[in-house]
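Below is one structure, written out as structure tokens; comments come after it.
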Protein chains: 2
Amino acid sequence: MKMMKLPEKTVERLSIYRRTLLDCLAQGKTHIFSHELANLHNITAVQVRRDIMFIGYSSMQRKGYDVKELIDVIGGIIDSEARQNVAIIGIGNLGRAITTYFMGKRSKLNIVAAFDLDPNKIDRMVSGVKCYSMQNIEEIVKEKDISIAILTVPADSAAGTTERLVQAGIRGILNFTTVPLNVPSSVHLEEYDMITSLEKVAYFVKKQAG
Amino acid sequence: MKMMKLPEKTVERLSIYRRTLLDCLAQGKTHIFSHELANLHNITAVQVRRDIMFIGYSSMQRKGYDVKELIDVIGGIIDSEARQNVAIIGIGNLGRAITTYFMGKRSKLNIVAAFDLDPNKIDRMVSGVKCYSMQNIEEIVKEKDISIAILTVPADSAAGTTERLVQAGIRGILNFTTVPLNVPSSVHLEEYDMITSLEKVAYFVKKQAG
DNA sequence: TAATTACTGTTATTACAATAACATTGTTCG
DNA sequence: CGAACAATGTTATTGTAATAACAGTAATTA
Ligand SMILES: NC(=O)c1ccc[n+]([C@@H]2O[C@H](COP(=O)([O-])OP(=O)(O)OC[C@H]3O[C@@H](n4cnc5c(N)ncnc54)[C@H](O)[C@@H]3O)[C@@H](O)[C@H]2O)c1
Ligand SMILES: NC(=O)c1ccc[n+]([C@@H]2O[C@H](COP(=O)([O-])OP(=O)(O)OC[C@H]3O[C@@H](n4cnc5c(N)ncnc54)[C@H](O)[C@@H]3O)[C@@H](O)[C@H]2O)c1
């Protein structure tokens with residue numbers, strides 16, 4: 001399998017393309033031109049073609065890309081063959097919203113457990129997943145083969161919790177908290193910082209006004 | 001006021017620095033060295049200094065940056081003098097989590113209204129804010145001087161709702177939905193795409209494993 | 001006071017991403 | 001057939017961000 005390093009931005013766009021392509025497929029569209037895909041995302045057709053070039057897929061000339069094939073090729077890049085299991089760490093307001101949302105979808109990424117400290121939640125089903133005590137995290141992570149954690153604990157527990165996740169063998173973390181985390185380079189950390197995004201909007205709105 | 005264009009990534013980091021600085025201030029720290037601020041975010045001291053250079057702030061040599069001053073300077077860049085008012089569009093699971101979270105904070109950005117279609121929510125308080133009917137959005141946006149929208153409606157209403165927001169005079173949108181949106185260039189659109197972020201984690205986890 | 005230290009501020013270089021330019025290839029049709 | 005077309009695939013250029021190199025300066029000390 002071609003495992004050359006893709007540009008990070010290309011990986012992001014592939015994820016987005018795939019969602020659009022799945023919609024197209026659902027609408028019975030079998031082929032799509034680079035400029036169509038581009039228009040759907042307000043980017044240029046060149047960008048689309050370049051991204052697709054990176055993953056080594058080729059269309060039938062003049063017919064556009066085969067929607068089904070392209071979905072599969074992107075899947076081959078992004079998805080694991082083995083299912084990747086995901087855990088929610090801290091199933092409060094945000095954790096519940098995310099879990100509920102995911103339960104309604106089906107994908108290669110499955111939320112298979114939640115972890116919390118609150119005794120009212122532990123050993124119960126919360127938003128459709130079983131909630132476990134943080135104390136048992138190492139054993140459950142191994143048992144259920146969980147590789148990815150979605151971190152939605154309060155800010156002041158974030159650093160400590162992250163250490164436990166790493167020790168438990170978690171390989172990737174999506175960080176919803178607004179505190180910077182420290183992980184070894186073998187663990188992929190993705191920041192997902194709502195406050196920063198919102199303040200960025202505020203900055204650009206202000207700038208345009210001024 | 002110096003309104004030269006800052007690098008987008010610098011704007012993001014300024015938002016992050018400020019949060020850390022506020023923590024430092026709360027802990028009674030009055031000065032901070034570039035390398036300290038850097039260590040707290042796992043970046044280099046040079047990057048910190050360069051960012052601070054961009055905004056034209058200077059420290060007292062050898063004493064580090066004045067925490068209070070730096071917070072204010074960053075505020076002068078990011079915050080508006082006039083308060084910026086924010087609305088939640090679609091106050092479902094995610095919208096409620098966000099609103100509850102923000103109500104617990106104080107900042108220059110205030111959530112002053114929610115909008116929804118659901119008659120059970122309209123004209124009630126939801127998570128601490130008044131929920132209005134989407135039908136009245138233009139008038140309420142003007143009345144309450146709302147400039148920013150947080151978009152948390154279902155995917156299939158996203159495009160249509162966005163048009164209404166633009167017409168109502170919204171100037172910036174933080175898009176939580178997973179569909180690409182079309183806005184005029186005078187409106188700042190910030191994508192905040194959870195699925196892409198999560199799939200990115202999955203990709204890098206898989207890559208490291210393979 | 002001159003050398004040393006411990007920082008900051010600026011410029012230069014390198015790396016990464018987006019855009020533009022161009023070459024290529026089936027398809028259509030005069 | 002072969003020019004014109006309509007699309008893709010590739011290389012070249014430009015723009016943006018990160019890193020590295022270095023210059024400057026207050027405090028410290030011999
Ligand atoms: N809600 C939002 O919109 C929002 C926005 C930005 C950032 N965040 C961040 O996301 C995180 C969660 O936000 P929320 O609104 O869901 O908070 P919340 O208080 O509703 O939920 C936190 C949950 O974590 C659990 N918890 C506490 N300590 C824990 C620990 N050490 N280990 C495991 N679980 C623990 C709590 O019992 C609770 O269920 C916070 O760090 C917050 O800063 C949330
Ligand atoms: N919940 C998550 O973690 C999550 C994750 C990724 C993306 N999203 C996206 O965020 C959006 C909201 O997710 P959710 O889980 O809160 O869904 P939800 O169904 O709980 O909430 C949607 C809300 O929007 C209201 N609504 C519907 N149509 C509307 C319209 N035209 N105008 C105004 N309000 C309208 C509904 O009445 C409801 O209150 C969706 O687009 C979803 O794809 C959510």
Side-chain angles (χ1 to χ4, degrees), chain A residues 2 4-17 21 24 29-67 69-70 73-74 180 185 189 191 196 200 203-204 207, chain B residues 2 4-17 21 24 29-67 69-70 73-74 77 180 185 189-191 196 200 203-204 207:
Chain A
K2 70 203 86 61
M4 69 304 203
K5 57 169 181 292
L6 298 177
E8 198 166 320
K9 291 302 168 84
T10 295
V11 174
E12 288 178 18
R13 282 189 297 267
L14 289 174
S15 162
I16 296 167
Y17 296 160
L21 290 167
C24 291
K29 199 166 166 60
T30 61
H31 292 79
I32 191 166
F33 296 124
S34 60
H35 64 263
E36 290 178 301
L37 201 44
N39 287 338
L40 289 169
H41 299 103
N42 307 312
I43 59 175
T44 68
V46 179
Q47 180 97 76
V48 171
R49 292 203 298 273
R50 208 153 191 291
D51 287 334
I52 291 175
M53 188 192 95
F54 275 123
I55 64 177
Y57 178 69
S58 274
S59 73
M60 308 173 58
Q61 285 275 8
R62 253 186 91 90
K63 293 244 161 93
Y65 301 99
D66 184 303
V67 174
E69 272 179 29
L70 188 48
V73 173
I74 294 176
S185 67
L189 174 63
E191 298 293 342
T196 295
K200 221 169 128 187
Y203 168 78
F204 284 108
K207 211 170 77 129
Chain B
K2 70 204 85 61
M4 70 303 205
K5 59 169 181 289
L6 297 177
E8 198 165 320
K9 291 301 168 86
T10 294
V11 174
E12 289 179 18
R13 282 189 298 267
L14 289 175
S15 162
I16 296 168
Y17 296 159
L21 290 167
C24 290
K29 201 167 165 58
T30 61
H31 291 80
I32 190 165
F33 295 124
S34 62
H35 64 265
E36 291 178 300
L37 200 44
N39 287 339
L40 290 169
H41 300 103
N42 306 312
I43 59 176
T44 68
V46 180
Q47 180 99 79
V48 171
R49 292 204 298 274
R50 208 155 191 290
D51 287 334
I52 291 176
M53 187 193 97
F54 275 123
I55 63 177
Y57 178 68
S58 275
S59 73
M60 308 174 57
Q61 286 276 5
R62 253 185 92 89
K63 292 245 161 96
Y65 302 99
D66 184 302
V67 174
E69 272 180 30
L70 189 47
V73 174
I74 295 176
I77 305 279
S185 66
L189 174 63
E190 184 78 24
E191 298 292 342
T196 295
K200 220 168 129 189
Y203 168 79
F204 284 108
K207 210 171 77 129

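Sequence lines set the chain letters: A, B, ... in the order given, protein chains first and strands last, and positions in each chain run from 1.
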Exercise. Heavy-atom distance under 4.5 Å between the side chains of Tyr203(B) and Leu6(A), does that happen here?
Worked result: yes
Problem set entry | Protein-nucleotide distance (Leu14(A), atom CG; dA17(C), atom P), rounded to Å | 13 Å
For this session: To the nearest Å, give me how far apart CG (Asp51(A)) and P (dC16(C)) are.
Result: 17 Å
For this session: Assign Ser58(A) to base, sugar-phosphate, or nothing according to its heavy-atom contacts below 4.0 angstrom with the strands shown.
Result: sugar-phosphate
Seminar exercise, completed: The residue among Asp51(A), Leu21(A), Val67(A) that forms side-chain contact (heavy atoms from CB on, under 4.5 Å) with Leu37(A) is Leu21(A)
Exercise. Is the phosphate of dA18(D), meaning OP1 or OP2, less than 4.0 Å from a side-chain N or O of Arg13(B)?
Worked result: yes
Output one line per pair: protein atom, nucleotide atom from nucleotides 26-30 of chain C, and distance, for all N/O pairs under 3.5 Å.
{"residue": "dG26(C)", "atom": "N2", "partner": "Arg62(A)", "partner atom": "NH1", "Å": "2.9"}
{"residue": "dT27(C)", "atom": "O4'", "partner": "Arg62(A)", "partner atom": "NE", "Å": "3.2"}

Exercise. Does His41(A) reach the side chain of Gln47(A), with side-chain heavy atoms less than 4.5 Å apart?
Worked result: no
Seminar exercise, completed: Comparing nearest nucleotides in DNA chain D, the 5'-proximal residue of the pair Arg50(B), Tyr57(A) is Tyr57(A)
Exercise. How close or far is atom C1' of dT8(D) from atom CZ of Arg49(A), stated in whole angstroms?
Worked result: 6 Å
For this session: Give the nucleotide from the list dT8(C), dG9(D), dT10(C) with an atom nearest to the side chain of Val46(B).
Result: dT10(C)
For this session: Rounded off to whole Å, could you give me the NE2-to-C1' distance for the His35(A) and dG9(D) pair?
Result: 16 Å
Exercise. Counting side-chain heavy atoms from C-beta on, which of dA17(C), dT19(C), dT11(C) comes nearest to Thr44(A)?
Worked result: dT19(C)
Exercise. NZ of Lys5(A) versus C1' of dA15(C): gap in Å, rounded?
Worked result: 11 Å
For this session: Round to the nearest Å and state the distance from Glu8(A) atom CD to dA15(C) atom C1'.
Result: 14 Å
Exercise. Can you tell if the side chain of Asn39(B) reaches within under 4.5 Å of the side chain of Phe33(B), non-hydrogen atoms only?
Worked result: no
For this session: With sequence neighbours excluded, tell me which residues meet salt bridge (charged side-chain N to carboxylate O under 4.0 Å, His left out) with Glu36(B).
Result: Lys29(B)
For this session: Find which nucleotide of DNA chain D each of Gln47(B) and Ile32(A) is nearest to by heavy atoms, and output the residue with the more 5' nucleotide.
Result: Ile32(A)
Exercise. How close or far is atom P of dG9(C) from atom CE of Met53(B), stated in whole angstroms?
Worked result: 10 Å
Problem set entry | dT8(D) OP1/OP2 closer than 4.0 Å to side-chain N/O of Ser34(A) | yes
Exercise. Distance from Ser34(A) atom OG to Ile43(A) atom CD1, nearest 0.5 Å?
Worked result: 10.0 Å
Exercise. Hey, are the side chains of Ile55(B) and Leu70(B) touching, using non-hydrogen atoms and a 4.5 Å cut-off?
Worked result: yes
Problem set entry | Between P of dT25(D) and CZ of Phe33(B), the distance in whole Å | 19 Å
